[in-house]
Amino acid sequence: MPQIMKKMIDDPNAPYGEHIEDQNILLTTLDKLLNWARSGSVWPFTFGLACCAIEMMATGAPKFDLDRFGAGVFRATPRQADLMIVAGTVTIKMATRIERLFAQMPEPKYVISMGACATNGGPYWQHGYHVLKGVDRVIPVDVYVPGCPPRPEALIEGIMLLQKKMSQERWVTQKYSKAQKA
Amino acid sequence: MDTNQIHSRLEKKFGSAIIALEEVKADPYIEVSADKIFDICKYLHEDSELLFDSLVCLSGVHYLPTHKRANGVVVEKPLFEIVYHFFSYSHKHKLTMKAVVSLDDPKIQSVEKIWKGAQWLERETYDMFGIKFIGNSDLRRILCPDDWEGWPLKKDYVTQEMYKHMRVPM
Amino acid sequence: MRASVHQVTQTFSTIFKGMMMTLKIAMQPKCTLEYPDVKKSLPERTRGRLFNVIEDCIGCLLCAKACPTDCIRIDIVKREKDEPTPRTSVESGEKPIRFWIPQFDIDFNLCCWCGLCTDPCPTHCLTMTKEYEFSAFKKEDLVYHFAKDSYPIQKKTPPPTN
Amino acid sequence: MSALKTEELIINMGPQHPSTHGVLRLEVTTDGEVISFVRTHIGYLHRCFEKHAENVDYMGVMPFVDRMDYVASMYNDFIYAMAVEKLMEIQVPERAQYIRVIMGELQRIASHLLAVGTYGLDVGTFTPFMWCFRDREKILDIFEMVCGARLLYNYMYIGGVSKDLTIGMIEKIKEFCDYLGPKIDELDTVLTYNQIFIDRTANVGVIPLDTAVQYALTGPNLRGSGKKWDLRKDETYSIYDRFEFDVPVGTGVQGSVGDCWDRYWVRVQEMRESLKIIKQAVNSIPEGIFRADLPRVLKPPVGEVYVRGEAPRGELGFYIISDGSPKPFRVKGRSPCFSAVSVLSEIIPGNPMADAVAILGSIDIVLGEVDR
């Protein structure tokens, strides 16, 4: 699996940035600005596999409009997407493709495992010889959305959870703060 | 024409190749010997009385010694059953036909020349059971990856432990 | 020449009609449900997350048998004769509880939300709530343990290894 | 100028591609624009339905049947329940038959709305997708009110339906029928008779009738090629003989018979016919029990059955072999989309890439059913 730049992240539930030694006012505000921009425009990658893909399309459709979160722009190529919503059952024949597609995505990339099938094999875990028991066996997953299929609101809640997690990250501090270099 | 009339008509034409007509719960079927399958299907397709112009479904079934077949006969030797469902749009009648193939060398003639749709159905049966269809122009696995071990739908199938670098079982 | 003129006028007229239709609909009220602020009032039969009132559960294992994906793992231990057998609550028919239930886990990574487990339950303690917002950062948070840990005997069947 | 040495490219369209309606991979050999050869790869969503059906009891197979054609899962249950009932000779009560027809036809409209909406996306328009999904959400609300789930219902049990249809729900369905009629006419003005859409789909991907029969195409794909064949009318099952509706057939109005426009037009007309059926069924639904009382563990007699019905995508059939035990011995799902995908490698060559996308959208496939 490609070496992912370590997302320096604290406990997502902890309040913002308490325990970083080098509290530089400039870097943290830059971080906040960067995170606000990034989490406000998470571009998902059209990656519909099975039934959850229909609910993902329903989330993009007018009733549960995903564009209100800036995440409605479904990009078809992995090069322009920064969130892969694995929506549906991951079969073994498809797993090798998922790895390649995940590797092709530009670096700050996130994965939402939508539905029971992508999380742990779902209803196909017992006799599904061709089903991969959970997508986190091939790619790292950030948020698990339960449901079979999850309601569109559950997917939106999952994306909001991801946005909360993204806003905790500190790319700028990690790159320029003195504490890191020492 | 219902299954009995079709059975008598086939018996007149092919004699011993038509093994039996089974009056089974819900759907009667005709059992046929496997090596004459191509001629029988050609006759079913071309005969003016039958005109089966659509092969609706082709499925494989695997029996182990303790299992009971649809007509209640308990199987002694493990065998494969290939079931053909035909339908005729012009005469509006249907037919279920079965052919039995032994397990050690599962071979049967392909009917792809008669119904083009049969190619994929045969490929799927080959993928699931390992029954070779002689004459199928492109006999490859269709659902499982090409380097998958074993025939998944056989009753005694055991999943392989690893596929490339992924653990298959739970 | 005449055909191509007809073709051009035909194109513009149909597109114009389409655009007018779109403009008319753009003026109509929106059908968007602003999710985090406005939550849909779910109908009464909605099948959300399962919930089990453990006090009413008599450990009959009917739900685990009915589940097509075997995602309910129950572990029951028979009570001795002399022990007092508590009864379930009034509305569930006051059935005697003859088993300790040290483990009642529902693994929502395997559940298929079909509702087949709620039919055979004799005391109706296993029902489907309207809860659907419980995404998590870790997979283990989605395995829900309903058994009370105060039971003396702790014999847990391990979940399938991942 | 000496003949330039040209070389054909092999491009993989899929398994992740916005227009393949799921995980289908077309290995396309093209000289850059016109496709000369297509090799279709499926199996990327093979979820071992038949292996599950052999290890779960008859009622437990229902959730897996739901997930075969996950866009029209109510109709999969309908046909699977009919197959088991024919095997066990169960008499389904009248009210349950009416509820099944109402729910089945609502599911057909929802499935066609999705097919028509995504076909608009394939051909390049975005508005019909939004309108179709807005209307489809109204049907999903009805389904959620009746059986509790939005997409995979597990609503039809063997012997009837799992929950009754109350008066309030029947009112909601009547309300929806009046709501949808004009909406389909709106769709017509925006998409069906839009000249760009007609130029993109007429005379494209023509499937002649004998090829359609050779590849066992069924449903809107067969009716688009001019064959008036609908299992609800010609091989009547359940209570479809009590409703009059007519079967739309492709006549080559905009181009030739059997082109993409005809298949699309057949689906739009079928939505109107389904509305007619629902209106008649809702007005004449009798009172009574909604499920025959059956033992919890169903043990059908030894034997086999093949039952087929007119699912939104074509003739969906279930071939069930039972050996008397509570678990089916073998269940084979005959999927209409499987034969629809097999015809691709014959009709796509010779068309440019953009038309291949239009043809793929017009045969309306769902990969859960192709790969089972």
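In what follows, every heavy atom counts, from backbone to side chain, and hydrogens, waters and symmetry copies are set aside. Only a predicted model underlies this, so the values are computations on that prediction, with no experimental measurement involved. Note on naming: letters A, B, ... go to the chains in the order of the sequence lines (proteins, then strands), and numbering restarts at 1 for each one.
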**Message:** Would K36(B) and F14(B) count as a cation-pi pair here, with the cationic atom under 6.0 angstrom from the ring centre and within 45° of the axis?
**Reply:** no

**Asked** For V341(D), is it the side chain, the backbone, both, or neither that has a heavy atom closer than 4.5 Å to a heavy atom of chain B?
**Response** both

**Message:** Less than 4.5 Å to any heavy atom of chain B: does that hold for the side chain of L222(D), its backbone, both, or neither?
**Reply:** side chain

**Asked** Taking all atoms of both residues into account, what is the closest heavy-atom pair of P63(D) and D66(D), and its distance?
**Response** O-CB, 3.2 Å

**Message:** Is K51(D) in contact with chain B via its backbone, its side chain, both, or neither, using a 4.5 Å heavy-atom distance?
**Reply:** both

**Item:** Top of E315(D), R308(D), H41(D) for chain B proximity - count of heavy-atom pairs under 4.5 angstrom
**Value:** R308(D)

**Message:** Which atoms of E124(B) are under 4.5 Å from chain D, going by heavy atoms: the side chain, the backbone, both sets, or neither?
**Reply:** side chain

**Message:** Is L58(B) in contact with chain D via its backbone, its side chain, both, or neither, using a 4.5 Å heavy-atom distance?
**Reply:** backbone

**Request:** May I ask you to say whether K233(D) pairs ionically with E310(D), meaning some side-chain N is under 4.0 Å from a carboxylate O?
**Result:** no

**Item:** Centroid-centroid distance, Y163(B) to W148(B), less than 6.0 Å
**Value:** yes

**Asked** Under a 4.5 Å heavy-atom cut-off, does chain B meet the side chain of Y306(D), its backbone, both or neither?
**Response** both

**Request:** Among L143(B), D53(B), V61(B), single out the residue with the greatest number of heavy-atom pairs under 4.5 Å to chain D.
**Result:** L143(B)

**Asked** What residue in R141(B), H85(B), E22(B) has the most heavy-atom pairs under 4.5 Å with chain D?
**Response** H85(B)

**Asked** Among R330(D), E89(D), E54(D), which residue forms the greatest number of heavy-atom pairs with chain B at distances under 4.5 Å?
**Response** R330(D)

**Asked** Does any heavy atom of chain D fall under 4.5 Å from the side chain of R69(B), the backbone, both, or neither of them?
**Response** backbone

**Prompt:** What residue, out of E50(D), R334(D), Q214(D), has the most heavy-atom pairs lying under 4.5 Å from chain B?
**Reply:** Q214(D)

**Message:** Given heavy-atom pairs under 4.5 angstrom as the criterion, report whether the side chain, backbone, both or neither of I142(B) touches chain D.
**Reply:** both

**Asked** Under a 4.5 Å heavy-atom cut-off, does chain B meet the side chain of L45(D), its backbone, both or neither?
**Response** neither

**Message:** Any salt bridge linking D138(B) with R123(B)? Criterion: basic side-chain nitrogen under 4.0 Å from a carboxylate oxygen.
**Reply:** yes

**Request:** Indicate yes or no: does R9(B) engage D47(B) in a salt bridge with an N to O separation below 4.0 Å.
**Result:** yes

**Asked** For G159(D), does its backbone N or O pair with a side-chain atom of E85(D) as donor and acceptor, under 3.5 Å?
**Response** yes

**Prompt:** Looking only at side chains, do E304(D) and Y29(B) share a donor and an acceptor under 3.5 Å apart?
**Reply:** no

**Backbone N/O of V249(D) and side chain of R223(D): donor-acceptor pair under 3.5 Å** = no

**Request:** Could you check which of V213(D), V370(D), I321(D) has the highest count of heavy-atom pairs closer than 4.5 Å to chain B?
**Result:** V213(D)

**Request:** Would you mind checking which part of V24(B) comes under 4.5 Å of any heavy atom in chain D, side chain (CB onward), backbone (N, CA, C, O), both or neither?
**Result:** side chain

**Message:** Could you check whether any side-chain N or O of S342(D) sits under 3.5 Å from a backbone N or O of G117(B), counting only pairs where one atom can act as donor and the other as acceptor?
**Reply:** no

**Item:** Interface moiety of R47(D) toward chain B, non-hydrogen atoms closer than 4.5 Å
**Value:** neither

**Asked** Do you know which of A70(B), P145(B), G60(B) has the most heavy-atom pairs under 4.5 Å to chain D?
**Response** A70(B)

**Request:** Among the options V305(D), T40(D), I42(D), T218(D), pick out the one with the most heavy-atom pairs lying under 4.5 Å from chain B.
**Result:** I42(D)

**Prompt:** So, is the end of the K154(B) side chain (NZ or CZ) under 6.0 Å from the ring centre of F80(B) and within 45° of the ring's axis?
**Reply:** no

**Complete:** Of C57(B), G72(B), A118(B), S54(B), the largest count of non-hydrogen pairs under 4.5 angstrom with chain D goes to C57(B)

**Asked** Is any NZ, NE, NH1 or NH2 atom of the basic residue among D27(B) and K86(D) found under 4.0 Å from an Asp or Glu carboxylate oxygen of the other?
**Response** yes

